[in-house]
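The structure appears below as structure tokens.
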Amino acid sequence: DALDRITKEKVLRVAVPQDFPPFGSVGPDLKPLGYDIDTANLIGKELGAKVELVPVSSSNRIPYLTTGKVDLVISSLGKNAEREKVIDFSAAYAPFFNGVFGPEASTVEKAEDLNGKTVGVTRGSVEDIELSKIVSDKVTVRRYEDNNGTISAFLSGQVELVATGNVVAAAIIERNPPRLPILKFLIKNSPCFIGLNKDEGPLLEKVNAILAKAKADGSLSAISKKWLGTPLSKDL
Amino acid sequence: MYNFTLWDILSNLLLAARWTVLLSAIAFVCGGIAGVLVLLARVAPLRPLQTAMKLYIELFQGTPLLMQLFIVFFALPLTGIETSPWTAAAVALTLFTSAYLAEIWRGCVEAVPRGQWEASASLAMSYGEQMRYVVLPQALRIAVPPTVGFSVQVVKGTAVTSIIGFVEVTKAGTMITNATFQPFLVYGLVGLIYFALCYPLSLSAKALERKLNVAR
Amino acid sequence: MAYRFDFSSLADYTPVLVQGVATTVGLTLIGGVLGVGIGIAGAAARSSGNAPVRFAVGSYVELIRNTPFLVQLFFIFFGLPSLGVRLPEWQAAVLAMVINLGAYATEIIRAGIDATPKGQIEAGASLGMTGPQIFRYIILGPAMGKIWPALTSQIIIVMLGSSVCSQIAVEELSFAANFIQSRNFRPFEVYFLATALYLALAIALRWLLARLGDRMFRGGARV
Amino acid sequence: MSLADQSVSPSARPLVKLSNIRKSFGSVEVLKGVDMAVQEGQVVAMIGRSGSGKSTLLRSINGLERIDDGVIEVDGECVDPSQIDLRALRLKVGMVFQQFNLFPHLTAGENVMLALKVVKKQDKAACRAAAEAALSKVGLGHKFDAYPSQLSGGQQQRVAIARSLAMAPKVLLCDEITSALDPELVNEVLSVVRQLAEEGMTLLLVTHEMRFAREVCDSLVFMHGGRIIEHGPPAELFDRPQTPELAQFVGMVEAR
Amino acid sequence: MSLADQSVSPSARPLVKLSNIRKSFGSVEVLKGVDMAVQEGQVVAMIGRSGSGKSTLLRSINGLERIDDGVIEVDGECVDPSQIDLRALRLKVGMVFQQFNLFPHLTAGENVMLALKVVKKQDKAACRAAAEAALSKVGLGHKFDAYPSQLSGGQQQRVAIARSLAMAPKVLLCDEITSALDPELVNEVLSVVRQLAEEGMTLLLVTHEMRFAREVCDSLVFMHGGRIIEHGPPAELFDRPQTPELAQFVGMVEAR
Ligand SMILES: Nc1ncnc2c1ncn2[C@@H]1O[C@H](COP(=O)(O)OP(=O)(O)OP(=O)(O)O)[C@@H](O)[C@H]1O
Ligand SMILES: Nc1ncnc2c1ncn2[C@@H]1O[C@H](COP(=O)(O)OP(=O)(O)OP(=O)(O)O)[C@@H](O)[C@H]1O
Ligand SMILES: [Mg+2]
Ligand SMILES: [Mg+2]
């Protein structure tokens, strides 16, 4: 199984985002960095394996896993029933909630206010699936291939509002963009989980054990502090 | 977070351009070799082989490179064939390139006058010998300009591999855009880099064509 | 890994696919007509206009032909808004396709125009026809007839190339495919079907354009 | 002796009058000052070696070549080289080419009607009537709907003549219009030209058909090295050439 | 009377023997049962109208056309239409074409050497010697390194003849080998053929050069509508045609 392979070859392949700060983005050297990357390195270290980071987009991270291109998806992945049919999830490793964000001037306060407006979202993300459930067909939803597209579309004004994660919005604001994404309303609280292929019981147990240990010894909290600015909350 | 200077942007794009060049080279070389094989089968005096190659060419010229990439990258693994972005990009670009090159070259083989086939046949040469010594050398000469011209399409075709996460110029451009919020600048530079790669190829294709026409 | 193919789960997404096909067809139609229009105008300008016009058209053609469509699309959609030009995604897609096809069509049609025997033009002139009249009634028809197959191939390439418009959220066929596979997690079936649909579209388009060409340039074909 | 004086009564005004026409291609002077006059109803043949400038002169007369110096006068209107009103000129001067130059995408009838429609702006019925008349005149009334590719060379050339005729030009220029034809097809075209001549059409022909020139033309013009060096009635020129050049040319032609 | 009996002693075995050759293109029968025999050393000319099947017959003899029925026998080996060993056949039968068909990417010498090298697998020195000999024979020893584009039409055709000769065929087929040449170049090619005939080469020629046929050939074959309808010594056929078709053909040719 996968755990055997990892311990034997000493290589852990992890799908990480590179378009989703602060979970994953790139520095001037185009190397991935962020919460998810640090988490991947943490797990790799515990497994005694070298971490091979595979940058993915939100719409293809699950195919990467199911087609065996990676062992784990640590890519700010939220849990939902549809996904649980296809893959397994570890314990949560990071907080995350989704909302609809827009410029200061926008008066949107709830899902109904979106009628007649255009909202950008990343295709296949939790926001996409949740937003699709709550809005009427008077809302135009634009689905982009990856967060790069969604963010660019918002910043260039191609869409008025975006549905995305709190942390993404925070990261955008931090970079002093031309348009500030301000939270308009919450869609869903959906912490991040590590995704694994089904029937990989031993690996799942091992990952959960590592996460439990990291939560207990504060190393995960340190990552949270570094990237989100706050320590990990107790309820995770 | 991090600040990208113009130099950071440009140097990253140029570094990524190495992969564009490398991918193009692989696609062109492998596609060229595969293209020759497809061509030989396409013009061989064997009906079933001809038909099969006709379908092959129709298939790869009739579907988007993007879809070919997706199938190789995401779909093949489900049947048990492992594909990394490298192999997927190389395989898809090779198939795509071979189909187009085979078709271009078939035109060149057919441009060799029938009389050349007949003269060599009446010298008792076999099909293989006719191809090897009489037809291909002539077709090759005609084929140089359109082949160089097509290499431009290959270079541009590599842009699509960005979509399966391959970090070549276009992907690097997307990533940098997200870190800098300067799409106009970044995509403008990306376009210029492609232009710098492709335009010399276009120019030499034109020059070669002129030379060929004068020589005739 | 034994894989069980299951196309049944695609049935739920029929409307998405239909809408994807319709969008692809629509984009191709508009892009094709306008692109060929630009091609005709560009070719006319390039073979008769004054030097600055010729240079401008030449630069446009070379610039477009030597950069990838995807980059052109990104530039128009993400880049132009910084200049205050903000186009909705489908307009950006159509614009990119038109600009792209226009450049190739200019080059193709110009080759057809260059192949017009000089004597035809002189015959027209000696009948008292003006430059534009000669272009419209004598040069254009046979030139289009001659290059129609090349133009057909280019239109099909543009149709296939429109698949990358999914990157800016245009809901065409490959968007539909990506959308579905991100919901049902069955990439093989989805991409297989989408590819087959593209192939069918390409074959149908080639057939249609051949018929159209026969009809429009019937006389021109007899040279 | 100027050509204008020679073959005509002094009172008649020439339909075409060329004075001191000069034309160079790059540094090569191809027409070195040509004077010539064609009276209404006259049939003039131009002969001369290959390269002597016959085609260039003919093409200048309807503005296909821009002349460097000299004056072209057609039907009393003087057109100076710098600002020739080509359209007006061309409405008066028809031209038939060696290579027919029919429009391949149009039928014979459409070939004839095109300029009537777009240049003369005649209505559909008038165009059709004129085209039918012109085609009938050259004996091709029944080929109205045939495409050029379906016609023999001789028939194509006759359509080309009809196309020019339909525009009702004052003078018709013909540049070696039988040279591209198979020998058996030459006569059908020549007989059309002969008929036009008999009907009083003003014709200026470049031709290598010496027998035809002798029989049909009123006047012959011999060009050599960009100049007209002899002119006069055909019989006279053929039988008593004044210059060694013409003597040699006549000898060469008769030997064939 | 069968052709095989006629012009030769009964004991000699024909080098080429055709029996009942039939060939259709689609539904059109182009060869309708042709019998013919060519003895060793004989020079036979085929004449006949365009479309009468001369080229098709010639091309059948070295397998460029696949025959539908009949037997081709060359040098005693019978080749039946269904499974002709083309290579063996073609080693015995050389062919020269109207359009020369030299390989443009090879020099004259390389043109001649190519088949010696790849088909006969001769070594380099032997190839070169044979090529030089063949080119000298056609008077082009000094053009060994010239490319076809640097040669006149007549020279190209002579290289083509040398190329066939170097393979030492038993019989040489020539299909209107002077038709694509300018008139002044025809003779240099004909004189090469004449010399071959004198040296005893077996030749089967399609030609429109009637004077040449008359002087050089032992036997003349007149094809009409896919059949051989007359054959015999040239003088006899020309002077006393037996069929109205040949009489008409002779009349037509002489008139030119
Ligand atoms: N467009 C051109 N550019 C350069 N030189 C030209 C051009 N047209 C004609 N000439 C030259 O002008 C000279 C006269 O040409 P022209 O065609 O008038 O001769 P011609 O008397 O009609 O000969 P021919 O009997 O061969 O038709 C020739 O030397 C020719 O090479
Ligand atoms: N490949 C082909 N396909 C169909 N018909 C053909 C083909 N080759 C020859 N034919 C027809 O066969 C007939 C005989 O042709 P062939 O070339 O043998 O005549 P030929 O006697 O050599 O005439 P020519 O003197 O014009 O060379 C002609 O009617 C020709 O149209
Ligand atoms: Mg001339
Ligand atoms: Mg023949």
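Letters A, B, ... are given to chains in the order of the sequence lines, protein chains preceding strands, and every chain is numbered from 1.
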[X], [atom1]: over 12 other non-hydrogen atoms inside 6.0 angstrom:
{"X": "Asn50(C)", "atom1": "CG", "value": "yes"}
{"X": "Phe55(C)", "atom1": "CZ", "value": "no"}
{"X": "Asp4(A)", "atom1": "CG", "value": "yes"}
{"X": "Lys206(A)", "atom1": "NZ", "value": "no"}

Under 4.5 Å heavy-atom distance to chain C, tell me which part of [X] shows up: side chain, backbone, both or neither.
{"X": "Arg61(A)", "result": "neither"}
{"X": "Ile87(A)", "result": "neither"}
{"X": "Ser132(A)", "result": "side chain"}

Given a strict heavy-atom distance threshold of 4.5 Å, which part of Phe77(C) is in contact with chain A: side chain, backbone, both, or neither? both
Would a 4.5 Å heavy-atom cut-off, applied to side chains only, mark [X] and [Y] as touching?
{"X": "Arg86(C)", "Y": "Ser156(A)", "value": "no"}
{"X": "Arg123(A)", "Y": "Phe175(C)", "value": "yes"}
{"X": "Gln167(C)", "Y": "Tyr144(A)", "value": "no"}

Using 0.5 Å steps for rounding, measure from the [atom1] atom of [X] to the [atom2] atom of [Y].
{"X": "Glu145(A)", "Y": "Ser174(C)", "atom1": "CD", "atom2": "OG", "answer": "8.5 Å"}
{"X": "Phe179(C)", "Y": "Asp128(A)", "atom1": "CZ", "atom2": "CG", "answer": "6.0 Å"}
{"X": "Thr118(A)", "Y": "Glu89(C)", "atom1": "OG1", "atom2": "CD", "answer": "8.0 Å"}

Gly79(C), Ser82(C), Pro81(C): which one forms the most heavy-atom pairs within less than 4.5 Å of chain A? Pro81(C)
With distance as the sole test, does Gln158(A) use its side chain to make a donor-acceptor pair with the main-chain N or O of Leu87(C) at under 3.5 Å? yes
Please find the pair of heavy atoms, one from Glu171(C) and one from Val141(A), that lie closest to each other, and give the distance. OE2-O, 3.7 Å
